[in-house]
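FYI, the numbering just counts along the sequence from 1. Because the structure is predicted, anything quoted here is derived from the model rather than measured.
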Amino acid sequence: MNEQVQGADGSPLFNPLSPDFIRDPYPHYDRLRTVDPIHVTPFGQFVTSRHADVSLVMRDKRFGKDFVERSKRRYSDKIMDEPVFRSMSHWMLQSDPPDHTRLRGLVVKAFTARRVEDMRPRIQEIVDQTIDAVIDRGHMDLIEDFAFRLPVTIICDMLGIPEDHRQTFYNSSRDGGRLLDPVPLSPEEIAKGNAGNMMAQMYFQQLFELRRKNPGDDLITQLVQAEEDGNKLTNEELTANIILLFGAGHETTVNLIGNGLLALHRNPDQLALLKARPELMVGAIEEFLRYDSSVQMTGRVALEDIEDLGGKRIPKGETVLCLLGSANRDPAVYPDHPERLDVTRQNVRPLSFGGGIHFCLGAQLARIEAEIAIATLLRRLPDLRIDDVENPKWRPTFVLRGLTQLPASW
């Protein structure tokens with residue numbers, strides 16, 4: 001391992017939970033790409049920041065997830081006794097083939113392009129109801145009152161969570177993001193994760209029983225039937241992946257809508273252009289994903305010795321962190337001012353949904369939700385303005401980048 005490379009002022013080049021990094025990680029990424037593109041953290045992880053390296057690691061079969069062994073190396077052999085880690089070990093997001101192939105195959109049918117397109121009228125209905133509920137007030141929090149409600153309602157629809165159970169999900173705090181961060185969790189954070197996991201397990205176990213007795217046209221019914229089909233799904237895998245789908249199904253979309261709205265209001269020329277030319281919205285969503293991705297990082301483990309990754313040797317078993325947010329602003333791929341928001345930018349292919357076998361199942365659903373949400377807001381509340389675009393309140397997590405609140409008025 002090489003010795004730590006530091007910034008000019010002596011600070012670590014990669015310190016993802018520092019307030020300065022969370023507020024604006026992009027200058028830090030620029031430094032990493034220029035000074036030390038395959039960087040080694042104090043925890044011994046390799047960090048890739050260039051588009052070419054990030055893209056390669058996500059797609060190369062020599063890299064995998066290796067979640068259980070990776071977690072044991074990082075914490076101790078006892079870490080799998082912690083319920084939240086045991087649950088995460090069953091997530092398809094953390095699985096390698098053949099488990100990954102089997103788990104993903106069971107849910108992929110719910111996310112086909114046709115099924116997702118068919119959800120447009122329902123998405124439009126929820127967005128309009130959300131705006132109707134606040135329009136006379138003249139102000140709202142764009143995160144809690146607007147961005148949050150849509151994806152939570154849609155994932156509840158898809159999972160078949162009964163209407164009278166949903167208030168709990170709207171009220172539940174969004175603090176699971178820390179589980180994914182590259183900085184190890186404290187014992188207190190692990191305890192908090194265990195408690196949240198236990199609550200979710202208890203709820204979903206009851207819902208599984210309900211769906212066994214009263215099947216519906218929803219994803220939980222499909223998965224419960226797959227579980228009964230024998231070796232396709234264990235009860236533990238069923239619960240863990242429903243928790244994953246619920247979290248992944250709303251966290252990232254909330255952040256995409258919130259980060260996109262903030263970026264637009266920080267760039268009034270782009271906001272005016274989008275209002276004047278609503279047909280640009282589909283491309284604008286790709287630009288929001290590129291410009292300030294709601295997922296900033298994903299990770300892989302070397303399944304064999306890698307002799308040369310960007311000039312560095314990666315020994316088998318070492319973790320490689322892929323900085324998606326950095327790759328999305330790499331001048332090698334976006335030579336025309338990658339630091340600028342440009343809703344007319346051509347050939348935008350952000351890495352925000354990951355890549356390879358772990359490419360996000362819900363990518364198209366997230367795009368359509370954000371497209372309808374932002375377009376409807378601009379159309380129905382054209383004079384909406386964000387109260388403080390300069391100092392918004394960011395969540396204290398790094399992997400999932402999003403705002404805790406974004407007050408606005410009209």
| remark: Sequence neighbours excluded, the answer for side-chain contact (heavy atoms from CB on, under 4.5 Å) partners of V116 is Q364, L365, I368
| Under the ring pair (Phe, Tyr, Trp, His ring centres under 6.0 Å) test, residues paired with H165 that sit two or more places apart | Y203
| Hey, does the side chain of T41 reach the backbone of Q45 with a donor-acceptor pair shorter than 3.5 angstrom? | yes
| Quick one: do E390 and R266 make a salt bridge, cutoff under 4.0 Å? | no
| request: List in chain and number order the residues that pass ring pair (Phe, Tyr, Trp, His ring centres under 6.0 Å) with F359, two or more places apart in sequence or in another chain; answer none if no residue qualifies. | output: none
| task | Begin from the C-alpha positions of L384 and H265 and carry the test side-chain contact (heavy atoms from CB on, under 4.5 Å) through to its verdict. | result | CA-CA 10 Å; L384 176 136; H265 284 83; 3.6 Å; yes
| message | Under the side chain to side chain contact (heavy atoms under 4.5 Å, CB included) test against R345, which residue among N347, V343, L341, D342 passes? | response | D342
| How many angstroms lie between OG1 in T153 and CD in Q129, if you round to the nearest 0.5 Å? | 8.5 Å
| When you check the gap from the basic side-chain N to the acidic O, do E304 and K61 get nearer than 4.0 Å? | no
| remark: Sorted by chain and residue number, the side-chain contact (heavy atoms from CB on, under 4.5 Å) partners of D141 (sequence neighbours excluded) come out as I143, E144, D145, Q405, L406
| field | Qualifying residues under side-chain contact (heavy atoms from CB on, under 4.5 Å), relative to R23, sequence neighbours excluded | value | D20, W394
| message | Under a 4.0 Å threshold between the charged nitrogen and the carboxylate oxygen, would K78 count as salt-bridged to D81? | response | no
| field | Heavy-atom donor-acceptor pair, S294 side chain to T252 backbone, under 3.5 Å | value | yes
| Taking side chain as C-beta onward, heavy atoms only, is I257 less than 4.5 Å from F288? | no
| Main-chain N/O of A263 paired with N267 side-chain donor or acceptor, under 3.5 Å | yes
| task | Would you kindly check if the NZ (Lys) or CZ (Arg) of R329 is within the cone defined by 45 degrees around the ring axis of Y291 and under 6.0 Å from the six-membered ring centre? | result | yes
| said: Just to verify, what does I357 make a side-chain contact (heavy atoms from CB on, under 4.5 Å) with, not counting sequence neighbours? | reply: P97, H100
| query | Can the ring centroids of F46 and H39 be said to lie less than 6.0 angstrom from one another? | reply | no
| query | So does R379 have more than 12 non-hydrogen atoms from other groups sitting under 6.0 Å from CZ? | reply | yes
| task | Not counting sequence neighbours, which residues clear salt bridge (charged side-chain N to carboxylate O under 4.0 Å, His left out) with D181? List them please. | result | R178
| message | Under a 4.0 Å threshold between the charged nitrogen and the carboxylate oxygen, would R395 count as salt-bridged to E251? | response | yes
| query | Q124: what forms a side chain to side chain donor-acceptor pair (under 3.5 Å) with it, not counting sequence neighbours? | reply | D128, T376
| Which residue pairs pass the ring-ring contact (aromatic ring centres under 6.0 Å, His included) test when at least one of the two sits in residues 321-345, sequence neighbours left out? | none
| request: Indicate the ring-plane relationship of F246 and H250, choosing parallel, tilted or perpendicular according to the 30° and 60° boundaries. | output: tilted
| task | Could you list the residues that satisfy ring pair (Phe, Tyr, Trp, His ring centres under 6.0 Å) with F398, not counting sequence neighbours? | result | F14, F21
| note | Hits for salt bridge (charged side-chain N to carboxylate O under 4.0 Å, His left out) against R313, two or more places apart or cross-chain, chain-then-number order -> D305, E307
| request: Return yes if some donor-acceptor pair links the side-chain N/O of S87 with the main-chain N/O of V84 below 3.5 Å, else return no. | output: no
| Which pairs pass side-chain hydrogen bond (donor to acceptor under 3.5 Å, both in side chains) with one or both residues in residues 268-277, sequence neighbours excluded? | R277-E279
